[in-house]
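Report on the structure given below.
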Amino acid sequence: MQCRSSNDLIQFVTEAKSVIKNGKVADYIPALGRAKRDDFSIAIHYPDGNCISAGDIEKQFTLQSISKVISLALVLIDRGPDFVFERVGMEPTGDPFNSIAKLETMAPAKPLNPMINAGALVVTHMLKGNSVEERFSRLLTFIQELSNDPSVSYSTEVAYSEFETADLNRALCYFLKQHQIINEDVEQLLKLYTKQCAIEMNCLDLARIGMIFAMDGRDPLNGKQIIPIDIARICKTFMVTCGMYNSSGEFAIKVGIPAKSGVSGGIMGSVPGKFGIGIFGPALDEKGNSIAGIRLLELLSKNYNLSMF
Ligand code: GLN
């Protein structure tokens, strides 16, 4: 699909880029440490199929935590909200995304929400299928349909790099297994989770997925309801309350749109009823969000009055 480069967007991107110097590329997953700090791009996808952009929107990046909202959508379709929310909660934590602290204080050890790592691991555990391969392939097919891009795949390098080093996530899994929240082999679950996080695309694909959420789960171009309305609503609500980790409150005040970020520097935004946003900027702030991406969304929200509040 063609995406038209927009002078207004280029101007906002140039302004937002000034904060990149204060950010740092994530390197706790070694393969992510090789990202170029100064990369920065955005695409906006409208329901009528139009698209505007700024920066190198061909650049591929892995979804990381952005995948959490998509796996949640599929698991809610697979299992229904009652089953899912018996095993993972609905409340923001105020803690970093990889924190283990609250698990021990909850009885039973049910993770507080599906956007923190503990909760996302439980969600991935609930993905239906007879093997890791089948569960991953179902998720990938779903993502290809949402992005309307059958070429979307995953980075074996990033998946392996995370799998080899994910000891904190391993610890979360063992804790969850001890408390019977999950009951599968931890290495198998981590294999699936790290592949999920390593699903790779560009800003345009991401903006299109954001647009589908913005349009209540319906693909306006072919009329198909890919995600049921009530499930799209649940996902967008989590994006508002927990989508930007422990910056979600500040982000809701300053930007006010449902959004989900990942440590690769991606941000997916969904402006309800209007359009989807895909941003890639790997320099992160101290909470793990794309530093220039947040600045850019603040500028866009202010100038175009995008806050839903
Ligand atoms: N794969 C990453 C992890 O589990 C995702 C985290 C993120 O993007 N915040 O650590």
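For the single chain, residues carry numbers from 1 onward in sequence order. Counting convention: from 1, in listed order, for ligands and their atoms alike.
- Evaluation of the ring pair (Phe, Tyr, Trp, His ring centres under 6.0 Å) rule for Tyr304 yields Phe12 as partners, not counting sequence neighbours.
- Annotation: Asp48, atom CG; neighbour count of heavy atoms from other residues, nucleotides and ligands within 6.0 Å is above 12.
- Counted within 6.0 Å of CD on Glu250, heavy atoms from surrounding residues, nucleotides or ligands total 12 or fewer; the atom is thus considered open.
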Present, as a list of atom pairs with distances to 0.1 Å, all nitrogen or oxygen contacts under 3.5 Å between ligand 1 and the protein.
residue, atom, partner, partner atom, Å
ligand 1, 1 (N), Gln64, OE1, 2.6
ligand 1, 1 (N), Glu162, OE1, 2.9
ligand 1, 1 (N), Glu162, OE2, 2.7
ligand 1, 4 (O), Asn117, ND2, 3.0
ligand 1, 4 (O), Glu162, OE2, 3.1
ligand 1, 4 (O), Asn169, ND2, 3.0
ligand 1, 4 (O), Tyr193, OH, 2.7
ligand 1, 8 (O), Ser65, N, 2.9
ligand 1, 8 (O), Ser65, OG, 2.8
ligand 1, 8 (O), Tyr245, OH, 3.4
ligand 1, 8 (O), Val263, N, 2.9
ligand 1, 9 (N), Ser65, OG, 2.8
ligand 1, 9 (N), Tyr245, OH, 2.8
ligand 1, 10 (O), Tyr28, OH, 2.5
ligand 1, 10 (O), Asn117, ND2, 3.3

* side-chain hydrogen bond (donor to acceptor under 3.5 Å, both in side chains) between Ser264 and Gln64: does it pass, once the steps are laid out? -> CA-CA 6 Å; Ser264 53; Gln64 299 304 329; 5.6 Å; no

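- For residues 130-151, the set of pairs meeting the ring pair (Phe, Tyr, Trp, His ring centres under 6.0 Å) definition, not counting sequence neighbours, comprises Phe136-Tyr154.
- Applying the ring pair (Phe, Tyr, Trp, His ring centres under 6.0 Å) test to residues at least two apart or on different chains, the pairs with a partner in residues 250-281 are Tyr46-Phe275, Phe61-Phe280.
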